[in-house]
Peer 1: 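Here it is, the structure, as structure tokens.
Note that the structure is a prediction, hence the values are computed from the model and not measured.
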Amino acid sequence: MVISWFKEREWKWNFLIAFAARFLMYLLTPVDWDSDSYHHWQISYYTLKFGLGEGRMYDLTGSEYYWGMIPHLIQASLMWLLRVNSIQVYRIFNVVMGSVNSILVYRVAKSYYSLENARWSGLAFALFPISVVFDSVAMQDTIALTMVLSSLMVMRERYFVSGLLLGLACYSRVEYTLVSVLILSGFLLRERFQTDSQPYLFGWFLGWGAPMVHIYNSTGNPIYPLYWSLYSVFGGFTSTYKGQPFVYTMYRWLSSRTYLWTATPSGLLIILLGVTGLFLIPWMSRMKWKRYQPMLYLASTAMVMAPLVMPYFDSERVHLLLMMRFFVPITALGLPLLFHAVARLEGFNMFLGTSGAIRVGVIALILTGFVGLPEYITLQGTVQNEDAIADAISEQYTGGRIVCDLPSIVYRLSNAHGVEAEDILSNHYSPHFYSLNTSRTYLEWLSVQDVRIWTYYGERGTPVWFVMEENYPTVFKNIMGEPGMGVYAVDRSVLDSLL
């Protein structure tokens, strides 16, 4: 099967077109514009430097298990293998894997439908603008989609491998944990516990369960990534509900969303999508669909991913641009079904023919992206401003340690200015983290850690700033930015005199 696949010509052209589009976007955005990319890099880098030696992940801000750990381990492995600490390595990796994903879309369409469908589904995804954009940054979405598409591709032939890949996808993007629960529910409704289908369940439990054991040993919570991701969605990190119990935040979120969803067009679409999915999955089982797998994966993914992005249609434009990535898996899984439906519509065939109708869809997909691509390119400006801050810090830095909470600045200091990993700290592990809130403990922390430059960007620095400004205002000397927010030199003579 594998040999015959690689003998086909179409997949080569598909890969080349997809790679060319993604690599061009990579060249147009030499600076990774997504702030989360740098946090993922930071987790990978510090895991490589400190975490792996202790058998765990590591992050300056305590977020090492908040996201899926598989992409972080891949990025750490690439940095170790190539002996570099550049984020560009993982960006190129994503460019390649995004191109591979277009082949997987091609293969899924060919396996479940037809060669004609495969050609156009693969081409459409190769040129799908949102995929082109997000496959050129160092995010986790690309490799997660690779696992999901691979799972679907082999589902009818290798149940165990398919389930294993779906389970591992849960630790690439946390949202796929909820997606996989829906897929497994539909799978059990359709296949029951037949002998042939049991390996799928065993594979999923292995792919999901093995990393879960490590997470439990490291955090004490076996579903730590999902728990805290949902807590964030429910508003647990906002000023209104911060510190409230999980169940309380969930109840308040559901109450508010029930009202909002019934009052807005996007909310009504979410309700319609959920009702349709909950009806469609049992219906496929009842009607004994033979090729139910693509629809099951699509419906399950759409029910989870679409509600994440739809509310942002009414928010600031930049937030919507960042959340558009959740349309990528829906599109990848939906294109084969879309072109299969188009091919069956005799009305289209009367005017354009099957190929003509598909070409119209492909052209439409390509054209929709031209409007948004320049907006993504301009997003580099925010990171470039943070690079300028890092450059200014490096000019003042003569040794000791730097306290910084922005991963993009940490990256710039490490990659461009050669500051060692052990010489960069975060306010996350200040005395406030350990509930040591006497003012003297902050002086001792600065002294023991040999902090020479302290930065205040983000809420993690707030406890340190308030204690020092109220009790020891002469220790920090502002060297960049507005008072109360910016870069400060630590006056060691004043600090030593106070101790």
Side-chain angles (χ1 to χ4, degrees), residues 1-3 5 65 67-74 77 97 100-101 103-112 140-218 222-226 229 277 281-282 284-285 288-305 329-330 332-333 336:
M1 181 186 70
V2 175
I3 295 176
W5 174 24
Y65 291 107
W67 289 287
M69 63 182 182
I70 290 178
H72 296 150
L73 291 173
I74 293 174
S77 299
M97 296 311 298
V100 170
N101 286 344
I103 300 176
L104 293 174
V105 171
Y106 169 94
R107 183 59 181 170
V108 166
K110 184 174 183 296
S111 175
Y112 286 95
Q140 298 187 306
D141 304 67
T142 302
I143 189 64
L145 181 58
T146 303
M147 295 179 182
V148 172
L149 289 171
S150 298
S151 172
L152 176 58
M153 184 183 72
V154 301
M155 189 176 182
R156 295 194 297 183
E157 301 167 354
R158 299 179 180 178
Y159 281 120
F160 178 81
V161 174
S162 178
L164 178 67
L165 289 167
L166 183 62
L168 291 174
C170 300
Y171 293 97
S172 297
R173 272 220 71 95
V174 177
E175 293 82 0
Y176 284 113
T177 305
L178 299 177
V179 172
S180 66
V181 170
L182 292 172
I183 292 175
L184 289 172
S185 300
F187 179 80
L188 289 175
L189 284 173
R190 177 64 176 81
E191 302 291 346
R192 311 301 180 187
F193 282 100
Q194 298 180 27
T195 303
D196 291 341
S197 62
Q198 290 176 10
Y200 184 80
L201 301 176
F202 296 149
W204 183 86
F205 276 111
L206 178 61
W208 179 81
M212 182 268 290
V213 172
H214 169 75
I215 289 176
Y216 175 73
N217 290 333
S218 299
I223 58 170
Y224 183 94
L226 179 63
S229 293
I281 292 175
M284 288 187 293
S285 173
K288 304 290 185 182
W289 286 11
K290 291 184 178 180
R291 293 182 294 187
Y292 71 95
Q293 296 91 342
M295 181 60 77
L296 175 61
Y297 272 62
L298 172 62
S300 301
T301 301
M303 288 174 66
V304 174
M305 301 296 185
I330 297 173
L333 295 166

Peer 1: For the atom pair CD (Gln140) and NE2 (His72), what is the distance rounded to the nearest 0.5 Å?
Peer 2: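 Interatomic distance, Gln140 CD to His72 NE2, rounded to 0.5 Å: 4.0 Å.
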
Peer 1: Looking only at heavy atoms, what is the nearest atom pair of Cys170 and Thr177, with distance?
Peer 2: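 So the minimum-distance heavy-atom pair works out to CB-OG1, 3.4 Å.
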
Peer 1: State, to 0.1 Å, how close Ile70 and Leu168 come at their nearest heavy-atom pair, and which atoms those are.
Peer 2: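 Reported closest heavy-atom pair: CD1-O, 3.3 Å.
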
Peer 1: Is there side-chain contact between Pro329 and Tyr176, with at least one heavy-atom pair below 4.5 Å?
Peer 2: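 Yes. Closest side-chain heavy atoms under 4.5 Å.
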
Peer 1: Tell me the closest heavy-atom pair linking Gly207 and Pro211, and the distance in Å.
Peer 2: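 Residues Gly207 and Pro211, closest heavy atoms: O-CD, 3.1 Å.
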
Peer 1: Run the side chain to side chain donor-acceptor pair (under 3.5 Å) test against Ser180 and tell me which residues pass, sequence neighbours left out.
Peer 2: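 Testing Ser180 for side chain to side chain donor-acceptor pair (under 3.5 Å), a comparison that skips the adjacent residues, returns Trp204.
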
Peer 1: Within the structure provided, determine whether Tyr171 and Met212 are in side-chain contact (heavy-atom separation under 4.5 Å).
Peer 2: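 Yes. Closest side-chain heavy atoms under 4.5 Å.
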
Peer 1: When rounded to the nearest 0.5 angstrom, what distance separates CE in Met153 from CD in Gln293?
Peer 2: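 Here the rounded value is 13.5 Å.
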
Peer 1: In Å, rounded to the nearest 0.5 Å, how long is the span from CG of Leu104 to CE of Met97?
Peer 2: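 Leu104 CG to Met97 CE: 7.5 Å, rounded to 0.5 Å.
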
Peer 1: Mind running side chain to side chain contact (heavy atoms under 4.5 Å, CB included) on Asn217 and Val213 for me, showing each step along the way?
Peer 2: CA-CA 6 Å; Asn217 290 333; Val213 172; 3.7 Å; yes

Peer 1: Excluding sequence neighbours, so at least two apart, what forms ring pair (Phe, Tyr, Trp, His ring centres under 6.0 Å) with Tyr112?
Peer 2: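 Residues passing ring pair (Phe, Tyr, Trp, His ring centres under 6.0 Å) with Tyr112: none at all.
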
Peer 1: Heavy atoms, side chains only, cut-off 4.5 Å: are Glu175 and Met305 in contact?
Peer 2: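 In contact.
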
Peer 1: With side chain to side chain contact (heavy atoms under 4.5 Å, CB included) as the criterion, how do Leu296 and Trp289 come out once you've worked through the C-alpha distance, each side chain's angles and the decisive distance to 0.1 Å?
Peer 2: CA-CA 11 Å; Leu296 175 61; Trp289 286 11; over 6 Å; no

Peer 1: Can you tell me how far apart OH (Tyr224) and OG (Ser229) are? Round to the nearest 0.5 Å.
Peer 2: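 These two atoms lie 9.5 Å from each other.
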
Peer 1: Working to the nearest 0.5 Å, report the span between CG of Leu298 and CD1 of Ile183.
Peer 2: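 Reported value, rounded in 0.5 Å steps: 10.0 Å.
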
Peer 1: Can you tell me how far CG of Leu165 sits from CZ of Phe160, rounded to the nearest 0.5 angstrom?
Peer 2: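 If I round to the nearest 0.5 Å, the distance is 10.0 Å.
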
Peer 1: Pair up each side-chain donor or acceptor in residues 143-152 with any protein partner under 3.5 Å, not counting sequence neighbours, and list the distances.
Peer 2:
| unit_1 | atom_1 | unit_2 | atom_2 | d |
| --- | --- | --- | --- | --- |
| Thr146 | OG1 | Asn101 | OD1 | 2.6 |
| Thr146 | OG1 | Thr142 | O | 3.0 |
| Ser150 | OG | Thr146 | O | 2.7 |
| Ser151 | OG | Ser162 | O | 2.8 |
| Ser151 | OG | Ser162 | OG | 3.0 |
| Ser151 | OG | Tyr297 | OH | 2.7 |

Peer 1: Mind telling me whether Tyr200 and Phe187 have parallel, tilted or perpendicular rings, with 30° and 60° as the class edges?
Peer 2: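 Ring orientation of Phe187 relative to Tyr200: tilted.
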
